[in-house]
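Please read the structure below before turning to the comments.
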Amino acid sequence: MDFKQQVITALAPVVGQAVDEATINKLIEVPKNSSLGDYAFPTFILAKTLHKAPQQIAVDLVAEIDQTPFEKVVATGPYLNFFLNKANFSQVTLQEVLTQKAHFGDQDLGDGANVPIDMSSPNIAKPISMGHLRSTVIGNSIAKILAKTNYKPVKINHLGDWGTQFGKLIVAYKKWGSEAEVKADPITNLLKYYVRFHQEDVANPELDDEAREWFKRLEDGDEEATKLWAWFRSESLKEFEKIYDMLGVTFDSFNGEAFYNDKMADTVNELVEKQLLKESQGAEIVDLSKYDLNPALIRKSDGATLYMTRDLCAAIYRKRTYHFAKSLYVVGNEQREHFQQLKAIIKEMGYDWADDIIHIPFGLITENGKKLSTRQGRVILLEKVLNDAIDLARQQIEAKNPTLANKDEVAKQVGVGAVIFHDLKNDRLDNFDFNLEEVVRFEGETGPYVQYTNARAQSILRKSGKTVDENASYVLEDDEAWEILKQLNDYPNVIQRALREYEPSVIAKYSLHLAKSFNKYYAHTRILEDDGMMMAKLGLVKAVSLVLENALSLLGVTSPEEM
RNA sequence: GUCACAGUGGCUCAGCUGGAUAGAGCAACGGUCUUCUAAACCGUAGGUCGUGAGUUCAAGUCUCACCUGUGACACCA
């Protein structure tokens with residue numbers, strides 16, 4: 001429920017001549033310190049029209065305002081501080097959460113519209129790295145946030161399954177590889193061939209010519225080349241699936257680069273028809289100088305198409321297939337200009353949906369300050385990180401809760417949860433230097449901290465032996481419960497903001513704050529004690545658990561009931 | 001060189017549309033488990049918010065300049 005409206009309604013009659021309701025709404029703020037109330041109204045802007053000092057205005061307004069809906073309204077300096085009626089707020093909020101359960105916070109902002117999300121997109125024959133983790137978990141979380149606000153996300157894994165690297169890979173495989181090796185451990189060995197190719201072609205540049213030749217054969221539909229390509233692709237996908245399983249991520253489409261091969265000509269033709277294609281230095285480009293952008297390369301001087309051509313083709317295909325409201329691309333920040341160009345070309349083509357193309361960039365992961373590079377074999381393998389995290393979680397369980405049932409399953413939930421949460425808790429655009437100890441930390445501001453908080457809440461509910469019934473009396477008025485109640489009530493706003501900014505970290509931070517408030521309450525208040533308020537307290541515990549689980553689920557993190 | 005993004009306590013980061021004494025977590029030090037899971041809680045210490053101007057009643061937040069770091073700058077994706 002929106003308690004801010006109470007404040008607006010109270011203020012409107014007394015300041016109505018000077019400012020309208022919309023302005024009041026904008027000016028009202030939430031004080032940083034809760035001793036200053038729940039909402040505050042600064043009086044500065046009234047000073048000019050009323051010709052009085054802000055402090056005096058605050059004092060005068062307090063005298064005039066109808067205080068009945070509130071616990072109290074006081075003037076503190078130039079501010080009017082509103083304290084809400086805790087009993088009412090508590091009752092209304094808890095009842096709402098307990099009634100709506102996992103649907104608390106659901107909102108219809110999308111009207112069921114499709115929103116394709118380009119995410120994850122690993123390259124065939126290369127391992128999934130920490131860099132792909134970012135795109136995968138950010139995209140997955142945004143998809144869940146979209147679904148909660150009644151959009152229909154379409155998760156597209158735009159696989160890197162085409163390109164000159166396949167020429168290199170075929171050459172390397174034929175020279176140094178074996179079928180048995182690839183079958184045994186596809187990614188490791190394919191990567192090994194690829195890295196070796198890049199080592200050897202420094203001294204033997206003719207390798208590059210061979211690679212080009214093989215890629216040409218692949219493009220021309222040569223049987224041997226196609227067979228190898230399809231085999232590399234399917235073996236790689238099997239490996240990818242193992243990791244996606246661990247992360248709990250699924251996709252609606254695996255249409256990658258190769259999927260657009262036979263659709264590219266239409267896109268290029270359309271550019272020609274619309275007279276957007278120009279020749280420059282032997283290549284064909286779209287001039288974007290009026291957007292202050294570099295020209296976009298559509299066709300190389302040898303006639304081959306490029307990344308941009310393919311993305312343009314895919315953008316148009318997605319519009320025709322999904323009739324999307326927005327089309328999202330969860331891709332690293334270093335490709336910012338690429339997407340600016342993409343939008344500009346679509347605009348030039350006369351499509352009114354150009355601005356619905358939205359690049360959701362994220363920061364770089366480095367190791368010891370250096371950019372990771374597959375070519376040089378400098379990668380952080382996601383599978384290894386996940387397994388390390390799970391092992392560590394398993395050790396923690398042995399140390400702290402050795403009698404726990406299904407330890408392996410919980411270790412997986414906690415370990416993987418830690419890795420996902422670590423990636424989502426900070427602003428997307430922040431770069432971070434990879435540090436295993438930091439990623440798999442279980443204390444402080446981490447995923448396991450939130451999971452643990454929920455497990456404690458669950459434990460209390462189990463031990464109470466009572467069913468929390470949504471129609472009981474849920475009046476709690478102490479300060480520590482109050483902090484929790486305000487946060488519970490704020491959850492729908494938090495989801496809105498996360499959606500508006502395409503920012504899962506908003507949810508992650510919220511879950512940390514809520515967990516912290518609850519742990520504080522837990523430490524100081526005996527819940528399973530019949531002091532006449534036990535049902536109300538259990539209602540609070542249940543509500544916290546529901547919202548923590550929901551918030552974690554929006555991040556793609558699971559919530560073990562015990563840990 | 002041009003453009004973009006960033007610069008907050010030892011480290012990692014919050015700070016939404018400018019608003020009341022700048023908040024957490026790690027690390028350090030000191031407390032709290034015979035009672036609901038101590039993966040927790042409480043306390044102490046630690047900051048000229050890169051630098052300098054400007055706009056405003058009010059600037060970590062907006063504008064400009066400079067410094068530092070990172071990234072992008074057509075035939076890779």
Side-chain angles (χ1 to χ4, degrees), chain A residues 26-27 29-33 36 40 42 44-45 47-48 53-54 76-79 81 121 123 160 162-165 257 280-285 292-302 304-308 310-311 331-338 340-341 361 363-364 366 369 371 375 393 396-397 399-401 404 414 418 425-427 429-433 435 437-438 441-446 448-453 455-464 493-494 497 500-501 503 505-506 509 512-513 515-516 518-529 541 562-563:
Chain A
K26 253 194 79 166
L27 288 170
E29 55 191 271
V30 177
K32 284 176 191 156
N33 190 330
L36 293 169
F44 303 104
I45 51 140
K48 275 182 204 150
T76 313
Y79 288 87
N81 294 112
S121 311
N123 295 316
W162 202 253
T164 47
Q165 75 267 23
E257 298 176 353
S280 169
Q281 299 171 29
E284 288 174 79
I285 60 148
D292 262 330
L293 292 167
N294 286 322
L297 207 55
I298 298 295
R299 211 148 42 180
K300 298 201 277 190
S301 40
D302 66 2
T305 54
L306 286 127
Y307 177 44
M308 179 60 78
R310 211 171 294 271
D311 259 4
V331 178
N333 192 31
E334 64 271 20
Q335 292 190 43
R336 184 179 285 268
E337 188 171 356
H338 169 77
Q340 288 174 343
Q341 291 179 321
L364 212 59
T366 54
K371 193 177 174 180
R375 284 190 185 192
Q396 291 284 309
I397 291 167
K400 303 191 183 218
N401 196 356
L404 182 68
V414 173
K425 84 171 169 189
N426 286 334
D427 194 302
L429 277 166
D430 285 356
N431 296 334
F432 75 87
D433 202 61
N435 176 322
E437 290 86 76
E438 194 122 318
R441 175 161 278 155
F442 299 151
E443 289 162 15
E445 297 177 327
T446 65
Y449 172 83
V450 181
Q451 291 174 316
Y452 176 72
T453 307
R456 289 173 121 189
Q458 284 293 322
S459 177
I460 290 182
L461 293 170
R462 268 195 310 276
K463 292 201 168 148
S464 76
N493 291 327
V494 168
R497 195 182 144 203
R500 186 173 67 237
E501 298 174 12
E503 186 56 273
S505 69
V506 170
K509 280 173 194 135
L512 286 169
H513 291 147
K516 192 164 172 54
F518 180 75
N519 278 325
K520 192 171 190 157
Y521 182 76
Y522 180 99
H524 303 304
T525 306
R526 187 105 191 117
I527 292 153
L528 295 179
E529 188 174 83
V541 174
E562 292 181 64
M563 63 185 270

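Quick note on labels: first sequence line is chain A, next is B, and so on, each numbered from 1.
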When you compare [N] with [M], how far apart are their [atom1] atoms, in angstrom units rounded to a whole number?
{"N": "B:rU32", "M": "B:rG71", "atom1": "C1'", "value": "48 Å"}
{"N": "B:rU48", "M": "B:rC36", "atom1": "P", "value": "44 Å"}
{"N": "B:rG25", "M": "B:rA40", "atom1": "P", "value": "10 Å"}
{"N": "B:rA14", "M": "B:rC73", "atom1": "P", "value": "27 Å"}
{"N": "B:rC42", "M": "B:rU61", "atom1": "P", "value": "31 Å"}
{"N": "B:rC3", "M": "B:rU44", "atom1": "C1'", "value": "48 Å"}
{"N": "B:rA22", "M": "B:rG60", "atom1": "P", "value": "10 Å"}
{"N": "B:rA4", "M": "B:rC66", "atom1": "P", "value": "13 Å"}

Integer-rounded Å distance: [N] [atom2] and [X] [atom1]:
{"X": "A:E334", "N": "B:rC5", "atom1": "CD", "atom2": "C1'", "result": "12 Å"}
{"X": "A:K516", "N": "B:rC42", "atom1": "NZ", "atom2": "C1'", "result": "10 Å"}
{"X": "A:D433", "N": "B:rC11", "atom1": "CG", "atom2": "C1'", "result": "12 Å"}
{"X": "A:N435", "N": "B:rA27", "atom1": "CG", "atom2": "P", "result": "13 Å"}
{"X": "A:L364", "N": "B:rG69", "atom1": "CG", "atom2": "C1'", "result": "13 Å"}
{"X": "A:N431", "N": "B:rG7", "atom1": "CG", "atom2": "P", "result": "11 Å"}
{"X": "A:L512", "N": "B:rC41", "atom1": "CG", "atom2": "P", "result": "11 Å"}
{"X": "A:N426", "N": "B:rG25", "atom1": "CG", "atom2": "P", "result": "15 Å"}

So what does A:D427 hit on the nucleic acid, given a heavy-atom distance under 4.0 Å: a base, only sugar-phosphate, or nothing? sugar-phosphate
Considering every strand and a 4.0 Å limit on heavy-atom distances, what is the contact class for A:P31: base, sugar-phosphate, or nothing? base
The residue, A:H338 or A:T76, whose nearest nucleotide of RNA chain B is more 5′ is A:T76
Please figure out whether A:T164 or A:N333 has its closest RNA chain B nucleotide nearer the 5' end. A:N333
All N/O pairs under 3.5 Å across the protein-nucleotides 58-64 of chain B interface:
none

So does A:S280 reach the base of B:rA74 with its side chain, donor to acceptor, closer than 3.5 Å? yes
Here RNA chain B, pairs taken as Watson-Crick or G-U under 3.5 Å and shown with ( ), [ ] when crossing and | when to another strand, reads (((((((..((((.....[...)))).(((((.......))))).....(((((..]....))))))))))))....
Produce a footprint string for nucleotides 32-40 of chain B: one letter per nucleotide, 5' end first; B if the base is under 4.0 Å from any protein heavy atom, S if only the sugar-phosphate is, - if neither. ---BBBSBS
Given B:rG25, is OP1 or OP2 found less than 4.0 Å from the side-chain N or O atoms of A:K425? no
Hey, does the side chain of A:R336 come within less than 4.0 Å of B:rU70's phosphate (OP1/OP2), counting only N and O? no
Side-chain contact, heavy-atom cut-off 4.5 Å: A:E438 with A:F432? no
Using a 4.5 Å cut-off on heavy atoms from C-beta on, say whether the side chain of A:Q458 contacts that of A:E562. no
For A:E503, side-chain hydrogen bond (donor to acceptor under 3.5 Å, both in side chains) partners two or more places apart: A:S505
When rounded to the nearest 0.5 angstrom, what distance separates CG in A:D311 from CD in A:E257? 8.0 Å
Between CG of A:L364 and CG of A:D430, what distance do you get to the nearest 0.5 Å? 12.0 Å
Can a donor-acceptor pair be found, under 3.5 Å and without considering hydrogens, that links the side chain of [X] to the backbone of [Y]?
{"X": "A:N333", "Y": "A:P361", "value": "no"}
{"X": "A:R299", "Y": "A:E284", "value": "no"}
{"X": "A:T453", "Y": "A:Y449", "value": "yes"}

Check nucleotides 45-47 of chain B for protein N or O atoms closer than 3.5 Å to its own N or O atoms and list the pairs.
none

B:rC11: syn or anti, per glycosidic angle within 90° of 0: anti
For A:E337, give me all partners under salt bridge (Lys or Arg N to Asp or Glu O under 4.0 Å), at least two apart in sequence or on another chain. none
A:R500 side chain: which of B:rA14, B:rA20, B:rC16 is closest? B:rC16
